[in-house]
2 protein chains.
Amino acid sequence: MSCKRRCGAQWWHGKVKDCGYRITSGREAIIEALSVTQDHLSAEDVYTRIHDKYPNVGLTTIYRTLDMLVNAGLVFRFDFGDGKSRYELTEGPKGAHHHHHLVCTECKRVIDYTDFIDDELELLRSTEKGLSEKYGFRIDNHLIQFYGTCTDCLAK
Amino acid sequence: MSCKRRCGAQWWHGKVKDCGYRITSGREAIIEALSVTQDHLSAEDVYTRIHDKYPNVGLTTIYRTLDMLVNAGLVFRFDFGDGKSRYELTEGPKGAHHHHHLVCTECKRVIDYTDFIDDELELLRSTEKGLSEKYGFRIDNHLIQFYGTCTDCLAK
DNA sequence: TCCTTAATGGAAACAATTTCCAATAATAAG
DNA sequence: CTTATTATTGGAAATTGTTTCCATTAAGGA
Ligand SMILES: [Mn+2]
Ligand SMILES: [Mn+2]
Ligand SMILES: [Zn+2]
Ligand SMILES: [Zn+2]
């Protein structure tokens, strides 16, 4: 039973196919898992979340698929300092929802924030422009994280 | 033979002692290695670089010491996506030299940049202020990295 | 100089990720 | 639809960065 048969075309199919990759049910499941949460999932988190519905998707496939999706630009890989990579969609069915992170170094909690982005955007653009010119770099992306202590941990 | 006897007091001794840590020759060696390079060293890089002069400093000690120095705020830990942590002094004998990074996703080269920081600084301050107020976070630090393709890799 | 206890090295344990390979399934071709 | 091609797969084993353990050493205060 082909994947096309099982499920209608999805917003991300084009991007995956354009990169020469096939659409499979494992990939379906993994993108689904990432798109229904706000959390920053590890490979194993993804495994746990899809295992009931897709018991035949192995952890190896998840690692491979996440790498593939990072390459295809559909997923970001983050490191919040807990020893495992964490993943997040770069965009959903409704388009991009770029944001930055606030990381508590005590309890490792991570807050997404999108406010202030408008102010930052202006500076980011000019910084990126300046850097590309000076270093001949083509900049496709950026990572901005603030580290500190969250309200809860401050209370202690 | 005590460490004091072997070598004069260093700029970082106070900070280490203030945190309740002892001054040892291994720590001496590790900070020395970090302070004579611009590179972003992994634990093993540090090991290799000091091993001739200090053959009796083990890799375990390097991991432990780097952790300790991160805690004491003397060292930053970075993740540039190559699977190992990389370390850099937060400041040298002459004071802080905070900078941001430009990471080539092709060849993994990392460029430090300090230009444009002045422009960024203004926005960083206001963003940090806004975020602390909104989320009750105390922000101590930030990480800013731009990802893209370097001149050399673009040429190919 | 002596004493307490933090720091150490090396081996072993650990955990995240990758590699290998034979089996399977997505897609192109007919 | 059927078949052929070849990317994708799951699971076991290997790999690799990092941590844990523990008996030994040495830093630094008394
Ligand atoms: Mn996020
Ligand atoms: Mn740097
Ligand atoms: Zn916290
Ligand atoms: Zn490059």
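Naming convention: chains lettered A, B, ... in sequence-line order (proteins, then strands); numbering from 1 in each chain. Below, all heavy atoms of this structure are taken into account, side chains as well, without hydrogens, waters or symmetry copies.
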Qualifying residues under ring pair (Phe, Tyr, Trp, His ring centres under 6.0 Å), relative to A:Tyr47, sequence neighbours excluded: A:His51
B:Asp112 and B:His40 side chains, donor-acceptor separation under 3.5 Å: yes
B:His51 NE2 to C:dG10 C1', straight-line distance once rounded to whole Å: 12 Å
Base of C:dG10 paired with side chain of B:Thr60 (donor-acceptor, under 3.5 Å): yes
Please list, for nucleotides 16-18 of chain D, all pairs of protein and nucleotide N/O atoms separated by less than 3.5 Å.
{"unit_1": "D:dG17", "atom_1": "OP1", "unit_2": "B:Lys84", "atom_2": "NZ", "d": "3.3"}
{"unit_1": "D:dT18", "atom_1": "OP1", "unit_2": "B:Ser85", "atom_2": "N", "d": "3.0"}
{"unit_1": "D:dT18", "atom_1": "OP1", "unit_2": "B:Ser85", "atom_2": "OG", "d": "3.2"}
{"unit_1": "D:dT18", "atom_1": "OP2", "unit_2": "B:Tyr63", "atom_2": "OH", "d": "2.7"}

Euclidean distance, atom CZ of residue A:Arg64 to atom P of C:dA26 [Å, nearest integer]: 15 Å
Atom-pair distance (CG on B:Leu66; P on C:dA7), nearest Å: 15 Å
Distance-only polar pair, side chains of B:Gln38 and B:His97, donor-acceptor under 3.5 Å: no
Side-chain N or O of A:Arg27 closer than 4.0 Å to phosphate OP1/OP2 of D:dT9: yes
Of B:Pro55 and A:Arg22, the one whose closest DNA chain C nucleotide lies more 5': B:Pro55
Side-chain N,O (A:Thr24) to OP1/OP2 (C:dA25) below 4.0 Å: no
Nearest-Å distance for atom pair CD1/P, residues A:Ile30 and D:dT8: 12 Å
Ion pair check, B:Asp140 and B:Arg138, cut-off under 4.0 Å: yes
N-O pairing of A:Lys15 and A:Glu91 below 4.0 Å: yes
Atom-to-atom span, OH of A:Tyr54 to P of D:dT8 - whole angstrom: 18 Å
Whole angstrom value for the distance that separates P of C:dT8 from CD1 of B:Ile50: 11 Å
A:Ile62 vs B:Arg77, nearer the 5' end of DNA chain D by closest nucleotide: A:Ile62
Nucleotide D:dG29, atom C1' - distance to CD1 of B:Ile23 in whole Å: 15 Å
Interatomic distance where CE belongs to A:Met68 and P belongs to D:dT8 [whole Å]: 7 Å
Salt bridge flag under 4.0 Å for residues A:Asp79 and B:Arg77: no
Side chains of B:His142 and B:His98, donor plus acceptor under 3.5 Å: yes
